[in-house]
Number of protein chains: 2
Amino acid sequence: MTSFEKQAGRPRVTLQTIADRLQVSRTTVSNAFGKPNQLNPALRQQILDLARELGYPGPNPAARTLRRGRSGSLGVIFPETLVYAVTDPAALLLLRGIAEASEAARMALWLAPVPPDREAGIAAVRDAVVDGFVVYSLAEDDARLQILAERAMPTVIVDEPPLPGAAFVGIDDRAGARAAAEHLLALGHRRFGVVTFPLADDDYTGPADLARQAAATIPISRARLAGYADALAAAGLPWDEVPVQETRLNEVASGEAAASALLDRSPRPTAIMAFSDLLAIGALRAAATRGLRVPADLSVIGFDDIPAAAMATPPLTTVRQPLLEKGRIAGRLLLDGWPANQPPTLRLPTDLVVRASTGPAPP
Amino acid sequence: MTSFEKQAGRPRVTLQTIADRLQVSRTTVSNAFGKPNQLNPALRQQILDLARELGYPGPNPAARTLRRGRSGSLGVIFPETLVYAVTDPAALLLLRGIAEASEAARMALWLAPVPPDREAGIAAVRDAVVDGFVVYSLAEDDARLQILAERAMPTVIVDEPPLPGAAFVGIDDRAGARAAAEHLLALGHRRFGVVTFPLADDDYTGPADLARQAAATIPISRARLAGYADALAAAGLPWDEVPVQETRLNEVASGEAAASALLDRSPRPTAIMAFSDLLAIGALRAAATRGLRVPADLSVIGFDDIPAAAMATPPLTTVRQPLLEKGRIAGRLLLDGWPANQPPTLRLPTDLVVRASTGPAPP
DNA sequence: GATCAAGTCTTGATCGATACAGTAGTGCCG
DNA sequence: CGGCACTACTGTATCGATCAAGACTTGATC
């Protein structure tokens with residue numbers, strides 16, 4: 001047998017089995033498990049004893065969930081694979097926040113898989129036995145959004161994209177990005193390079209021209225690019241001359257590769273703005289490989305302010321966003337609920353955290 | 001309304017609702033969703049259209065799970081809170097391994113909450129709608145084991161404690177610990193201090209005397225202490241003179257506090273052996289605070305070889321164990337199953353990884 | 001023209017519990 | 001001694017689907 005097949009040997013034991021043997025009703029047996037003080041303690045003990053003797057596995061959770069209409073689990077959906085989600089520091093901070101809220105409310109977490117087979121990932125969301133969803137940063141055209149809309153469960157969207165009826169928690173990405181660019185402009189930088197994570201859900205890696213930027217299906221990415229562009233425009237600099245390198249995953253290695261491409265251009269940018277700290281740390285590496293001093297020769301600014309940012313060499317200037325807080329709030333929103341037809345929308349603040357990876361532009 | 005109450009406005013829509021409206025049977029409607037090629041494409045389209053029009057949320061996952069006897073989720077149970085599990089690098093590596101296996105098999109992950117209220121944590125395991133469990137390192141007297149035994153689902157125990165009928169994946173903790181101690185002994189150390197994580201599930205923090213060591217309910221902890229003791233005994237050193245500090249959580253701060261207590265003793269140990277890398281990193285901090293040079297004045301050895309070990313200052317000597325691999329194997333075992341009554345038991349190897357935090361004993 | 005297979009749909013049973021309403025029996029009160 | 005509350009239990013309906021087996025068409029086959 002494989003482990004998921006039914007136990008071959010033992011006959012199935014249900015509440016009814018026990019009820020029959022003791023000449024009581026199914027309901028009474030059910031109460032013995034679920035409502036201890038609705039029946040005589042002696043009888044209850046008898047029932048529990050017999051249950052153990054017969055190897056009764058306890059009330060079937062699926063049946064219970066069906067009847068009660070409540071599962072005790074919160075679903076969490078990430079844009080990328082689970083393997084990746086439990087690796088990415090930003091995703092983990094969010095997850096931790098959600099866990100704080102769910103654990104306080106005695107709720108379990110259900111994490112959606114993103115198998116190689118796309119259909120399976122969609123089916124998983126359709127079949128999730130949960131009481132609500134927290135959805136993290138999906139692309140606008142992610143097919144799972146459709147399913148979520150159909151299921152019409154309580155849902156909290158974190159970061160993006162808006163979903164009718166769902167609550168929303170996010171930051172002002174455009175303002176955050178703008179603050180990053182303004183910081184660099186104030187330091188005298190004029191030649192920039194940008195490292196982004198995906199602009200669309202299509203596995204592309206490489207330079208992102210204006211057309212691709214305009215066609216982005218990931219709202220966050222659009223907003224951040226717009227924020228950078230806002231700042232440059234305000235300083236009278238043309239955005240269309242700024243090289244943008246898109247990466248597939250939010251990882252140090254991706255950032256290093258993308259930054260390498262930027263640094264090998266001529267003229268070389270004097271400042272690199274990255275969509276995340278991991279990508280920025282990759283940029284630091286690319287600079288180190290080329291013998292560039294940070295911040296004397298090159299300034300690098302990240303986004304998020306994950307713990308590793310402060311530990312980087314040099315410590316990373318970045319735009320802090322409250323990831324843990326976002327998770328906590330998302331979880332609590334879901335658990336507390338909201339007035340019908342008035343899903344709340346929250347925008348949390350970002351802060352520019354200036355450390356040692358940015359400095360005056362080289363002459 | 002709060003979000004978890006039933007949608008007040010809309011009347012409930014089920015398969016039957018749709019079937020009635022179209023004058024077909026429930027089953028046909030069911031097939032329209034689940035078995036597309038068992039009915040006329042035109043009819044199927046009609047059904048799907050009407051479903052959308054009526055706002056049918058799709059086949060109820062709980063009902064489906066009940067009928068099919070399969071949920072598509074794997075349960076994962078950690079000893080500590082979920083909040084802690086998604087923070088601890090070792091737990092996360094394991095989780096990532098499990099995710100690799102589950103995602104490849106299109107299975108979701110269900111993470112058990114450990115709410116402040118102990119009963120609730122037990123109930124959560126009882127009510128988990130899953131097809132099997134991976135259980136990580138519980139204390140022998142953890143009440144959830146009882147529930148797991150009753151539920152009699154396919155279960156894989158990682159590290160400890162043995163559970164009848166369950167598969168097992170672990171390492172030889174005793175041998176690993178022994179190797180650590182032997183390494184230090186070979187370097188000439190004679191005065192040791194030990195920093196452990198919990199020996200029992202009782203929130204104790206502080207020195208652990210021989211009585212407490214003997215009463216430990218956490219098999220791993222017993223095994224590692226025994227391993228250290230083996231090595232010392234072989235070298236003719238008395239174990240009962242070795243101070244052991246127990247911590248509550250596997251965290252840097254705990255390690256620092258425990259190591260501080262050890263380092264403030266006189267005579268001071270020349271070597272600290274820690275049950276984990278995080279605790280060892282805490283010991284490095286305690287040493288730094290006291291102006292002790294590592295390894296000139298003090299040697300420190302960890303356990304696990306998490307990524308942070310190699311990045312520590314100085315890089316940490318440690319006993320590597322294949323955490324990711326353990327997760328992968330646990331997941332795969334669970335998914336592949338095993339012959340009835342012959343649950344597999346696997347012991348993976350550990351390796352001593354010598355870096356810069358250990359050196360010859362000071363004269 | 002009977003037989004068969006494939007395709008399409010239906011019926012009835014079933015998964016395993018909990019909710020809800022109702023029925024005895026018991027004890028206490030005035 | 002009637003009335004009332006309380007405890008302990010029962011019976012039926014229900015949660016919302018899927019399964020297994022069978023029935024009816026239709027067209028092809030010999």
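Taking atom CZ on B/R44 and atom C1' on C/dG7, their separation rounds to 16 Å, with Å as the unit. As rounded to whole Å, 15 Å separates atom P of D/dG16 from atom CG of B/L54. Rounded to whole Å, atom P of D/dT7 lies 14 Å from atom CG of A/N31. Atom pair B/L15:CG and C/dC9:P shows a separation of 16 Å (rounding to whole Å applied). To the nearest angstrom, C1' of D/dA17 lies 14 Å from CZ of A/R151. Protein atom CZ of B/R126 is 13 Å distant from nucleotide atom P of C/dA17, rounded to whole Å. For A/Q16 and C/dC15, the CD to C1' distance is 13 Å, given to the nearest whole Å. Taking atom CG of B/N60 as the reference point, atom C1' of C/dG16 lies 14 Å away to the nearest angstrom.
Which of D/dT14, D/dG16, C/dG16 sits closest to the side chain of A/A63 comes down to C/dG16. Comparing C/dA19, C/dA17, C/dC9 by their nearest atom to the side chain of A/R68 picks out C/dA19. Out of C/dC9, C/dA17, D/dG16, the shortest distance to the side chain of B/L43 is found at C/dC9.
Contact check for B/P154 versus B/D131: no side-chain heavy atoms found under the 4.5 Å cut-off. Residues B/E100 and B/R332 have side chains not in contact (no heavy-atom distance under 4.5 Å, counting atoms from C-beta outward).
Taking only side-chain nitrogens and oxygens, A/T27 never comes nearer than 4.0 Å to OP1 or OP2 of D/dC9. For D/dT10, the OP1/OP2 oxygens have a side-chain nitrogen or oxygen of A/T28 closer than 4.0 Å. In this model, the phosphate group of D/dA13 is not approached by any side-chain N or O of A/R67 to a distance below 4.0 Å at OP1 or OP2. At least one side-chain nitrogen or oxygen of B/S25 sits closer than 4.0 Å to the OP1 or OP2 atom of C/dT10.
Residues B/L66 and B/Q23 both approach DNA chain C. Their nearest nucleotides, taken by heavy-atom distance, put B/Q23 toward the 5′ side.
Separation of atoms NZ (B/K326) and CD1 (B/I98) is listed at 10.5 Å; rounding is to 0.5 Å. A/L145 CG to A/D141 CG: the interatomic distance, rounded to the nearest 0.5 Å, is 8.5 Å.
Inspection of the B/E140 and B/T217 side chains reveals no N or O donor paired with an N or O acceptor under 3.5 Å.
A donor N or O paired with an acceptor N or O is not found under 3.5 Å between the base of C/dT10 and the side-chain atoms of B/R26.
Pairs of residues two or more places apart, or lying in two chains, that qualify as salt bridge (Lys or Arg N to Asp or Glu O under 4.0 Å) and include a residue from residues 108-127 of chain A are A/D117-B/R106, A/R118-A/D201, A/D127-B/R64.
Residues from residues 32-42 of chain B that place a heavy atom under 4.0 Å from any atom of DNA chain C, listed by number: B/L39, B/N40.
Under the 3.5 Å distance criterion, the side-chain polar atoms of B/T65 are left unmatched by any main-chain donor or acceptor of B/A63.
Residues satisfying the ring-ring contact (aromatic ring centres under 6.0 Å, His included) criterion with A/Y84, sequence neighbours excluded, are absent altogether.
Shown here, D/dC30 forms a base pair with C/dG1; the pair counts as Watson-Crick or G-U wobble because both key distances fall under 3.5 Å.
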